Amino acid sequence: MEYFSSCPKDCYDSCSIITKVEDGIKIFGNKKHPVTSGFLCLKSKHFVEAHLSEKRLKKSLIRIGERGEGKFKEVDLNDALDLVAEKIKFILKNYGPDKILPVEYAGNRGLISYNFPQRFFNALGTLKLNHSVCDEAGGYALNEIIGTSTGIDPDNIFSSDLIVYWGINPAWTNIHGWTMAKKSGAKIYVVDPLITDSARGAGKHLKIKIDSDIYLVLGVLNYISNFGYKLNKLNQITAKYDLGKTSNLTGLGIDEIKEFASDLMNSKFPIIHIGYGFQRKINGGLTVKAIESLLIALKKPENFIYDAKHEIDFDYLRNKNEHRVLVNQANLGRELEKLDVKMLFIYNTNPLVSLPNQNLLRKILLEKDIFIVVHDLFLTDTAMFADVVIPAASFFEFNDLVDSYYHDYLNLNQKIFDPPGDAVSNHDLFVKLSQKLGLMNNELFESEKDIISRILEDLKVNIDEFYKNGFAKIERRRNKIIVNIDNFIDELKNFKPENRNGFKLLSLTHIQGISSQHNNLYEFDTFVRMNPRDAENFSIRENDEITIENEYGSIKTRVKIDYSVPEGVLLIYKGSWPSIYGWNVNFITTDKIQENYSKGTALNSTFVNIKV
Ligand SMILES: Nc1nc2c(c(=O)[nH]1)N[C@H]1C(S)=C(S)[C@@H](COP(=O)(O)OP(=O)(O)OC[C@H]3O[C@@H](n4cnc5c(=O)[nH]c(N)nc54)[C@H](O)[C@@H]3O)O[C@H]1N2
Ligand SMILES: Nc1nc2c(c(=O)[nH]1)N[C@H]1C(S)=C(S)[C@@H](COP(=O)(O)OP(=O)(O)OC[C@H]3O[C@@H](n4cnc5c(=O)[nH]c(N)nc54)[C@H](O)[C@@H]3O)O[C@H]1N2
Ligand SMILES: [Mo]
């Protein structure tokens, strides 16, 4: 039998998958899907393995040991939900709904899996998480400077003659977009201080000094102003950045900068794909504005890719409640320190791996009297801290629709198997909880099937085609572009580059994992990578164990000497599970936030020292 699945992971590509169930389960990329185009990425290697894994949770767990110790007893789902419902009722009665915080994110981006649970929390009027650990700052920046963060449809890549990947490693994180770009025949630039696989595969790698992107933009703006591409209000600032000065500040050659600027001016259809990893810095939002200002000067402000919104009725999916108070995700430990929260309800996310400043977050969870519920497929580090753990279904076990923040195809995800044991989908969990709480609102009980029909009807999707192909193209939500560079100019005037002693620590995305997911199923890369010159200066050899420390904490790990990492920078991949490897990079990442950019994370603005 063949089914349509859809990758629901937090990734640009949102692939349409053909799942064949004969002797076992095999997955393939849907050949008809224009972005998936018949192949799947390396991380999909673990999807079937994760679904079938012996490590999957099949029973609910109730804590019997100390918090974090990982000692639980197995109970029936019904008993676990009774306990959770009683606790919620108690908190509602004695303290009020604003003492309950759902902590959730994009572990499953299915329209139902991601949004339906919010109907429950909206009905109760609980606190709400401000999702700020990923792309928030850059999105906010784009909205401020041009009124939208939704750029152009990547189907346009085939019409482009110049594609700039700025602060993104698409050969790893957006492999289908990268493949499209390579096929298009366009000249490809990668702007990155590291020699990534994308940099290796690009026509031109601008190996910029770390955190010097704003200078590159100012230098290019200065140069192209000679050819009539001007942002008049910026002239006073850009005038100071001639080619010589820009070359010094960025480490790029004068000819390289000139060639880049000329290519941008001469291109009929340039596209700049602005990445996510590099905007997780103190000046991240501002850098995104700077890159966009280049497109404004070129009179092509819409020619970027960042994220995408579609004409999907999210208010219907979540049943909006505008009165919920926001709690920031990127510095959750500090937020919980201030607030008197009584319950965390955690699903679709693994905060005790993924959030910065783990030492503080864990300390608060150990010290404060907070009841913790976790719904997950595995006994993650977060689940180890729970009072109640509920087993979750895999995406082969429920019906859903999956959109993309990159392309414009909505994918079908069909239920193929029943969940094992007591595992429940996000949808079914919140239906059951609503029943237990005696809630009456109809929207809390709407079936998967009805929600899917309503969304497809709303979007005017041709149903026959959709079920024949497994996907449909839908409308991108377009806001009018309204250029406003006034704030940007003020910020540039006050801009200070980050300067501190020690190494800059980048924690980046690995090709094989998907954030922390599946890192319990294979040997995760736990090396710290450093430049050979730095290693020599500290007399460090390959595989030596070193201590990396700062004001947030310290970790010990082994070194890989790697010339693709620039001097003065250390690189660790995100996502290792402390319960398996004893540490994770977030024990030393900063929980500083970009205050004026919707409190977006600055975790890649971490400075560390090393001890040999
Ligand atoms: N295989 C795989 N794909 C994924 C994911 C995954 O876990 N695995 N995760 C998904 C998610 S959640 C996200 S957010 C995206 C992230 O996708 P990306 O943004 O591609 O990921 P990062 O590796 O965090 O950062 C990208 C690049 O920014 C560069 N960079 C760092 N500092 C600077 C700088 O000062 N200037 C410039 N120009 N560049 C700099 C880094 O060297 C790095 O190569 O990927 C998604 N796709
Ligand atoms: N140091 C450092 N930290 C980072 C980053 C970095 O670059 N460096 N990147 C940040 C970024 S970009 C992101 S997006 C975040 C991601 O961080 P998280 O939001 O923690 O994402 P995942 O690690 O993918 O964890 C998702 C969890 O959801 C579970 N899950 C999957 N499907 C379902 C489901 O259907 N139902 C339920 N209930 N659970 C499910 C998975 O098993 C997994 O435990 O990490 C951030 N943290
Ligand atoms: Mo992300």
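Just so it is clear, the values below take in all heavy atoms, side chains as well, and ignore hydrogens, waters and symmetry mates. Remember, it's 1-based here, ligands and their atoms both numbered in the order they're listed. Everything numeric here is computed off the predicted structure, so don't read it as measured data.
Asp525 has no carboxylate O lying under 4.0 Å from a charged side-chain N of Lys560, or vice versa, which leaves the two without a salt bridge.
For His375, a nitrogen or oxygen atom sits less than 3.5 Å from a nitrogen or oxygen atom of ligand 2, counting backbone and side chain alike. Geometrically, ligand 2 and Tyr347 share no nitrogen or oxygen pair separated by less than 3.5 Å. For ligand 2, one of its N or O atoms has an N or O atom of Ser516 under 3.5 Å away. In terms of polar-atom proximity, Lys9 is not counted as a contact of ligand 2, lacking any N or O under 3.5 Å from an N or O of the ligand. Geometrically, ligand 2 and Asn108 share a nitrogen or oxygen pair separated by less than 3.5 Å. Between Lys574 and ligand 2, an N or O atom pair is found at a separation short of 3.5 Å. Polar contact with ligand 1: present for Asp192 (N/O pair, distance under 3.5 Å). No N or O atom of Thr380 sits closer than 3.5 Å to an N or O atom of ligand 2.
Contacts between Ile511 and ligand 1 below 4.0 angstrom, taking non-hydrogen atoms only, involve the backbone exclusively. Counting heavy atoms closer than 4.0 Å to ligand 2, residue Ile514 contributes backbone atoms (N, CA, C, O) but none from C-beta onward. By the criterion of a heavy-atom distance under 4.0 Å, both the backbone and the side chain of Thr349 are placed next to ligand 2. Counting heavy atoms under 4.0 Å from ligand 2, residue Val585 touches it through the side chain alone.
Pairing each heavy atom of Ile593 with each of Ala330, the nearest pair is CG2-CB, 3.9 Å. Shown here for Tyr189 and Phe260, the closest heavy-atom pair between the two residues is OH-CA, 3.4 Å. Of all the heavy atoms in Val353 and Ser516, the pair that sits closest is CG1-CB, 3.6 Å.
Looking at Ser404, its side chain does come within 3.5 Å of a backbone N or O of Tyr12 through a donor-acceptor pair. Panel note: side chain Asn604, backbone Ser507; a donor-acceptor pair is recorded below 3.5 Å. The closest donor-acceptor contact from the side chain of Asn130 to the backbone of Gln329 lies at 3.5 Å or more, if one exists at all.
Protein heavy atom closest to atom 14 (S) of ligand 1, with residue, atom name and distance, is Arg280 NH2, 2.9 Å. Ranking protein heavy atoms by distance to atom 21 (O) of ligand 2, first place goes to Ser515 CB, 3.9 Å. Of the protein's non-hydrogen atoms, Val133 CG1, 3.9 Å is the one closest to atom 15 (C) of ligand 2. For atom 45 (O) of ligand 2, the nearest protein heavy atom (residue, atom name, distance) is Ser354 CB, 3.5 Å.
Between His518 and Phe47, the ring-plane angle classifies as perpendicular under the 30° and 60° cut-offs.
In summary, the aromatic rings of His273 and Trp166 are positioned with their centroids too far apart to meet the 6.0 Å limit.
Remark: among candidates Ile291, Asn174, Thr509, Asn283, the nearest residue to atom 6 (C) of ligand 1 is Thr509, based on non-hydrogen atoms.
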